[in-house]
Amino acid sequence: MHKAKLLRSFSFGAAALGALTMGATAAQAEYPERPVTMVIPYGPGGATDISGRTIAAPLGKAVPKPILMVNRTGAGGATGSVSVKNAKPDGYTMLFARVGSHSVNPAMKATLPYTLDDFRFVGVYEINPVACAVKADSDIKSMADLVAQVQANPGKVSYNSAGVGSLLHLAGAMVLREFGVENPMKDAIHIPLKGGGAAATAILAGTSTFICTNSSALASFVKNKQLRPLMVTTAEPVVGFDAPTAADLGKPNLHKLVGWTGIAGPKGLPDDVAAKWRDYMAQATADQGFLDKMTARGSVIRLMNPEESEAFILDQYTIFRKLVDDLGMRIKG
Amino acid sequence: MMQNSRISPLGLVFIGFGAFILLVAIPYAVTSPSNVQKIVLAPTFWPTIIGWIIIGLGAILMAMRFFVPADWSSNDADAGDGTPLPGGWLRLAAAGALMVALVYVTPILGLVWTAMLCFVALSLLVKSSRPVVSLIVAIALPLALYVFFHHAAGVAVPQGEFIRLP
Amino acid sequence: MSVIDNLSAAWPLVANLESFLALFIGITVGVVAGAIPGMSATMAVALTLPFTFALQPITGILLLLGVYKGGIFGGSIPAILIKTPGTPASSATVLDGYPMAEKGQAGKALTMALYASCTADVMSNLALILFAGWLASFALSFGPPEFFTLILFSLTIIAGVSGKNLVLGLLSAALGLLLATVGLDLVYGTNRFNMNDPNLMGGLNFIAVLIGLFAIPEILAYIWNPQERKGSVRSLGGQHLSFKEYKRCFKSIVRGGFIGVILGSIPGIGAAPAAFLSYSEARRNSKNKENFGKGELEGVAASEAGNNGVCGATLIPLLALGVPGDVITAIIIGAFMIHGLQPGPMMFIANGDIIYALFLGLIISSILLMGVGSVAIRLFRYIADIPRPVLLPTVFVLCVYGVYAVNNNVFDIGVMFAMGALGYFMLRTGIPAAPFLIAFILGPLLEDNFRQAMLMSGGSGTILFRSPITWVFWTLTAITIATLVRKGMQRK
């Protein structure tokens, strides 16, 4: 009795919103007809979370139905990514894919329960330059100093990361290798911490020598003169970082070493849904408030179309995969 | 108060469990790469230590039976008030089945409807002395929580495949 | 910036309607939740967390702190009235509060609990404001070796929460340590006990473990024996607490507050041991020792001062080191991170205004707690009237929603139920649950910091003795263990 009464009053409100659908077989009306869940595979407060929640505001205006932001944390982005891979490809469950979850992890982990082929990208919208830095009172003043130290004392210089399979992990090895350290896995020590925040703080505490991560994670420390930047991996200088670019140092290969955030759905995402998402993202990334917030944090906003996005990610994956295989970094168990 | 005689089998259970960890669980479920140079850094290092600790403590637990006065070697267990109602194990089994069912039914029915059914089932299980109140709460509580979590906190409460809430 | 500058920058952040409202709502929710047996302050904070996502950082964190403080006090209400501590922290309050209620002095006991809580709360907040800044600069000398020794020392508290049988407590802790290793290996990224299941790769969600371990066994125990507990609520009796009585207990309250501050600022100890230590110290120093356990007002005062003295102090390691002092502050750290704030030494430099705004909010919260608590004492009878056959399924549904909301994952509900089964087994066999939880929280920290230290030193153990801080913690650990062993020998 109560149930029926309640249902009636509920369906009254629901009908007004046009959101009550009876049965899964109901005719597919115009997408979207109900709220869209967007999974952030990393914890609150991280780079992906901040990026996702920033774009959620303009996306909310573009998408006709509400967007529900969901943090599903664990295993370097794998837990959340798998949940989207296994979701129905109806466009009601989408994923914020990130460099760690969708190019470093697939390159490094043989046991990863998903591959790039399990997702259909609707667009990459953000690029983050990577910067390397040391503690401000360190006697290392340049990349040359750093490499000289590694070569003079193999096994003494260390770098921090946010965990195995994070961009920071791969970045440290890749940068050293590009600068001529033959076997960075042996000559430098990787000290994993839990999360990007802990990794940056550990440099201040002197736990390790250097860190390579998104410039936005280091910006406030560099500004406070607590960290000294050694280089940025982009071709263009990064505002606030008084350090040479990879182009200045003659290492154009490092331009590929950047962070990014994009939106993806499960593999079977229908074409019309993917096309709609292109429009949504075009609208969202044109929003001035969004652009201001993101660029203030040091991100470069550049919307790639789906084909461009997939080519970009595959290219980065291939480079990372080769490095991982050359250095024997692949995790098999 | 618990009977001291139950301590000793508990020690055996823990020794067995520790042995299971060391002999079965670690070799099969913990992967250690071949390039580990230092034993203290191996992924199996801590689980192995913990396995031995469990075995050691289990042995002490068994030994305590002979050396330590009864009132000290046992903790007070909550036995509840009065004589327990008969059929306890049956009710516990039903509650267990209910919990398993909840996890598997939630993706199909949605959390709200599943929670209502669970509330009703639990009330039946404990033979609620106030069936009307229980029924009202069973319907109102999951709905109220849905409104809170979905609309106020922005949590994507699982919706079923049949009846969706706004 | 000086303290005064910081405070003046912080005042506008707190002096607005939202902040007061957040504190008021938080304290109210906390008192009510704490007063419901089976809903601990921790659960209340965990359930409130999702609501803070949409709020301003300060408003959200003040809301959580309000729930925390309210919850710790609220637990004393059912402890006194129906001999069921609403939260573990108020277990010590039962000892003298319930006998007082039996004698018809429930009103006096409850009022004493409230005054003692508020007094200790003020002490705790002052300690935080005066010492946290100093600790912050000290915190950067904490590297992996220092953290390892600190956490090793924190693990010794397991002895204090093990009940009569230390071996069972240690076994419980070992199980907690073992469960904490589930997931991916920190250094090599390989699988550990996760059966290649993506849901297990991230490790077990600790809120699911916590709720499963404490709330679900309570429900199962009722299903095992669904009879109304005896013990009905008696009339509140003499409401009045004379100033003379407060003055008589004042020394115990201050001592309890002091103990709470010390234990609260050491990560991993929490409110329940502080309450028990405060109670035992009050008893040791009291003239009428024999009256303790039979309805001694001072016993209630000391227990409540001990557990509320912890509240503000647990924020010292949280803010100064970025280390959660207990489960509740671990959840509160999550709330900081949602808003992009990384608690730790840097926060004093980067977000000094937010920190001082929190300090101000905490002081205001002590005053609000007084008001809300007085009203709650009068109203509580109606909540206590909810019959258990209705109450326990309600708690069950609340747990399911709450655990789901933490990580938006139905799998976590399953984890909670599995832990509930384990918790019930432990309840039946007399294995204490608290050491399990402490080990589950501290275990990964212990292991990670050990391995990071080993990476730093290339496998040499001498790094664990590299600084005076490590020596201090090694010494403290040794003294604690030696004391335990000596006590054990004496008992034999």
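Chain naming here is simple, since letters A, B, ... match the order of the sequence lines and numbering starts at 1 in each.
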Within the structure provided, determine whether F417(C) and V100(B) are in side-chain contact (heavy-atom separation under 4.5 Å). no

Against chain C, label V40(B) side chain, backbone, both or neither, depending on which of its atoms sit under 4.5 Å from a heavy atom there. both

Which side-chain N or O atoms in residues 14-28 of chain B pair as donor and acceptor under 3.5 Å with protein atoms at least two apart or in another chain?
none

Could you tell me which of L41(B), L122(B), T106(B), V103(B) has the largest number of non-hydrogen atom pairs under 4.5 Å with chain C? L41(B)

F411(C) versus chain B, the contacting section by heavy-atom distance below 4.5 Å: neither

Heavy-atom closest pair (W224(C) atom, R91(B) atom, distance to 0.1 Å) is O-NH2, 2.6 Å

So what's closer than 4.5 Å to chain C heavy atoms on A121(B): side chain, backbone, both or neither? neither

Distance, nearest 0.5 Å, that separates OG1 of T31(B) from CZ of F193(C): 10.5 Å

How far apart are the closest heavy atoms of L57(B) and V167(C), and which atoms are they? O-CG1, 3.6 Å

Between L10(B) and L171(C), is there a side-chain heavy-atom distance shorter than 4.5 Å? no

Any side-chain heavy atom of I54(B) sitting closer than 4.5 Å to one from L178(C)? yes

Pick from I219(C), N194(C), L175(C): which one has the most heavy-atom pairs with chain B under 4.5 Å? L175(C)

Roughly how far, to the nearest 0.5 Å, is OG1 of T181(C) from CD1 of I49(B)? 12.0 Å

Below 4.5 Å, heavy atoms only, C-beta onward: do P33(B) and T190(C) meet side chain to side chain? yes

At what distance, to the nearest 0.5 angstrom, does CD1 of I50(B) lie from CG of L177(C)? 5.0 Å

Considering non-hydrogen atoms only, spot the tightest contact between V390(C) and F119(B) and give its length. O-CZ, 3.8 Å

Could you report the tightest heavy-atom contact between P389(C) and S134(B), atom names first, then the distance? O-OG, 4.4 Å

Closest-packed option against chain C by number of heavy-atom pairs under 4.5 Å, given P47(B), S123(B), A138(B): P47(B)

Identify which part of L186(C) has an atom lying under 4.5 Å from any heavy atom of chain B, answering side chain, backbone, both or neither. neither

Compare all side-chain heavy atoms of L170(C) with those of I53(B) and state whether any distance is below 4.5 angstrom. no

Heavy-atom pair of closest approach, residues P43(B) and R192(C): O-NH1, 2.9 Å

Do the non-hydrogen side-chain atoms of V112(B) and Y401(C) ever get within less than 4.5 Å of each other? yes

Once you measure the plane-to-plane angle for F450(C) and F45(B), does it fall in the parallel (<30°), tilted (30-60°) or perpendicular (>60°) bin? parallel

To check you understand the geometry: which heavy-atom pair defines the closest contact between L92(B) and L220(C), and what is its length? CD2-O, 3.6 Å

In Å, rounded to the nearest 0.5 Å, how long is the span from CE of M99(B) to CD1 of I413(C)? 12.0 Å

